[in-house]
Enquirer: 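Mind having a look at this structure? Questions to follow.
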Amino acid sequence: QVQLAESGGDSVQPGGSLRLSCMISGSESSGFCIGWARQRPGEGREAVGGIDRRGTASVAGSLQGRFTISQDRAKKIVYLQMSSLRPEDTAIYSCAASHVCSGPTWYTVLRGYQYWGQGTQVTVSS
């Protein structure tokens with residue numbers, strides 16, 4: 001079993017920054033690839049990016065340059081750093097764990113994740 005817990009969500013003004021954290025725990029917490037996804041109001045869930053077992057991070061094309069993903073292996077935390085936030089970034093952000101992360105777009109296959117966190121709310125508004 002793997003447990004995922006997101007934190008760091010907040011309300012910020014446009015142009016602001018936030019860092020979300022995904023804390024990973026459980027008896028099988030090693031060996032997973034971790035992805036981030038978001039669900040904007042009234043829309044379906046969409047992939048944000050992910051980081052594989054080697055530590056290679058990928059971010060969806062439309063978010064590159066503003067969002068980055070990193071990890072602290074020792075603490076078992078994966079971070080989503082978001083900058084230049086826009087109102088359209090308002091969403092519930094969730095992290096998820098997957099055994100399978102092959103290919104450059106593995107993080108986009110949302111049905112492939114075995115475990116999900118509860119999510120954290122990010123609101124961007126003036």
Side-chain angles (χ1 to χ4, degrees):
Q1 279 283 10
V2 175
Q3 290 81 46
L4 304 166
E6 304 92 339
S7 62
D10 205 346
S11 294
V12 297
Q13 293 188 340
S17 298
L18 275 178
R19 188 178 75 166
L20 306 183
S21 299
C22 173
M23 184 169 291
I24 307 152
S25 61
S27 58
E28 302 177 30
S29 57
S30 298
F32 281 90
C33 304
I34 302 298
W36 285 96
R38 69 182 183 182
Q39 187 165 16
R40 294 187 275 192
E43 298 185 14
R45 192 176 273 169
E46 63 175 331
V48 171
I51 189 163
D52 66 18
R53 297 183 189 86
R54 296 173 298 174
T56 301
S58 303
V59 174
S62 62
L63 302 175
Q64 289 178 7
R66 298 194 299 123
F67 288 20
T68 58
I69 296 172
S70 61
Q71 67 178 350
D72 184 326
R73 286 183 183 271
K75 295 182 179 179
K76 294 187 177 180
I77 299 175
V78 173
Y79 300 104
L80 175 63
Q81 178 70 48
M82 306 183 293
S83 61
S84 301
L85 284 164
R86 305 166 181 169
E88 55 264 38
D89 294 318
T90 295
I92 297 173
Y93 287 75
S94 301
C95 61
S98 174
H99 281 297
V100 180
C101 48
S102 58
T105 59
W106 64 268
Y107 62 91
T108 65
V109 185
L110 300 184
R111 66 181 182 277
Y113 291 106
Q114 287 80 51
Y115 302 96
W116 287 87
Q118 293 292 324
T120 186
Q121 176 71 47
V122 171
T123 301
V124 185
S125 174
S126 56

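The structure displayed is predicted, hence computed values, not measured ones.
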Enquirer: Would T68 and M82 count as a side chain to side chain contact (heavy atoms under 4.5 Å, CB included) here? Give the steps.
Expert: CA-CA 7 Å; T68 58; M82 306 183 293; over 6 Å; no
Enquirer: Kindly indicate whether the side chain of I77, heavy atoms from C-beta on, has any atom under 4.5 Å from the side chain of Q71.
Expert: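 Side chain of I77 against side chain of Q71, heavy atoms only: no contact under 4.5 Å found.
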Enquirer: Checking side-chain contact (heavy atoms from CB on, under 4.5 Å) against Y115, which of V2, I34, I24 comes through?
Expert: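 Single side-chain contact (heavy atoms from CB on, under 4.5 Å) partner of Y115 among V2, I34, I24: V2.
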Enquirer: Within the side chain of T120, is there an N or O that forms a donor-acceptor pair under 3.5 Å with the backbone of G9?
Expert: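 Side chain of T120 to backbone of G9, a donor-acceptor pair under 3.5 Å: yes, one is there.
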Enquirer: What distance do S25 atom OG and Q3 atom CD have between them, rounded to the nearest 0.5 Å?
Expert: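 One gets 4.5 Å once the value is rounded to the nearest 0.5 Å.
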Enquirer: Taking C-beta and beyond as the side chain, do P87 and P14 meet within less than 4.5 Å on heavy atoms?
Expert: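 Of all side-chain heavy-atom pairs linking P14 with P87, at least one is under 4.5 Å.
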Enquirer: State, yes or no, whether a side-chain contact exists between C101 and Y107 at a heavy-atom distance under 4.5 Å.
Expert: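 In short, these two side chains do not touch, never coming nearer than 4.5 Å.
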Enquirer: Can you tell if the side chain of R38 reaches within under 4.5 Å of the side chain of F67, non-hydrogen atoms only?
Expert: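 Side-chain contact under 4.5 Å: yes.
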Enquirer: Are V122 and L63 joined in one hydrophobic group, where the rule is that I, L, V, M, F, W and Y side chains link up if heavy atoms are under 4.5 Å apart?
Expert: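 V122 and L63: one cluster.
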Enquirer: Check for me whether R19 meets the cation-pi criterion with Y79, that is, NZ or CZ under 6.0 Å from the six-membered ring centre and within 45 degrees of the ring axis.
Expert: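 Yes, a cation-pi geometry holds between R19 and Y79.
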Enquirer: When you measure from the side chain of Q114 to the backbone N and O of H99, does any donor-acceptor pair fall under 3.5 Å?
Expert: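 Indeed, once roles are kept as given, a pair shorter than 3.5 Å links the two residues.
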Enquirer: Roughly how far, to the nearest 0.5 Å, is the OG atom of S7 from the CG atom of L20?
Expert: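 Here the interatomic distance stands at 8.0 Å.
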Enquirer: At their closest point, which heavy atom of S58 faces which heavy atom of P104, and how far apart are they?
Expert: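 Shortest heavy-atom separation between S58 and P104 comes out as OG-O, 4.1 Å.
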Enquirer: Side-chain heavy atoms nearer than 4.5 Å, only ILVMFWY residues, links allowed to pass through others: does that put L80 and V12 together?
Expert: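 Both belong to a single hydrophobic cluster.
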Enquirer: To the nearest 0.5 Å, tell me how far D89 CG sits from R66 CZ.
Expert: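 It comes to 4.0 Å.
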Enquirer: May I ask you to decide if Q118's main-chain N or O and E6's side chain share a donor-acceptor pair within less than 3.5 Å?
Expert: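 At least one qualifying donor-acceptor pair exists.
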Enquirer: Do any N or O atoms from the side chain of Q39 and from the backbone of G44 form a donor-acceptor pair under 3.5 angstrom?
Expert: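 The answer is no, because no donor-acceptor pair under 3.5 Å joins these two groups.
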Enquirer: Indicate the atoms forming the closest heavy-atom contact of Y113 with G35, along with that distance.
Expert: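 That closest heavy-atom pairing would be OH-CA, 3.4 Å.
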Enquirer: Between atom CZ of R53 and atom CZ of R73, what is the distance when rounded to the nearest 0.5 Å?
Expert: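 The CZ atom of R53 sits 10.5 Å away from the CZ atom of R73.
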Enquirer: Side-chain contact, heavy-atom cut-off 4.5 Å: S94 with W36?
Expert: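 The answer is no, as the side chains (C-beta and beyond) never meet within the 4.5 Å cut-off.
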Enquirer: First locate atom CG of L4, then atom NZ of K76, and finally report the distance between them rounded to the nearest 0.5 Å.
Expert: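 Answer for the CG-NZ pair, L4 versus K76, is 11.5 Å.
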Enquirer: Is the shortest distance from a Lys or Arg side-chain nitrogen in R40 or E88 to a carboxylate oxygen in the other one below 4.0 Å?
Expert: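 Looking at E88 together with R40, the answer is no, because their closest N to O distance does not fall below 4.0 Å.
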Enquirer: Of all heavy-atom pairs between A47 and L110, which one has the smallest distance, and what is that distance?
Expert: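 Where A47 meets L110 most closely, the heavy atoms are CB-CD2, 4.0 Å.
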Enquirer: Hydrophobic clusters here meaning ILVMFWY residues chained together by side-chain heavy-atom distances under 4.5 Å, can you tell me if Y93 and V109 are in one?
Expert: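 Y93 and V109: separate clusters.
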Enquirer: Can you measure from SG (C22) to CD1 (I69) and round to the nearest 0.5 angstrom?
Expert: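 That separation rounds to 10.5 Å.
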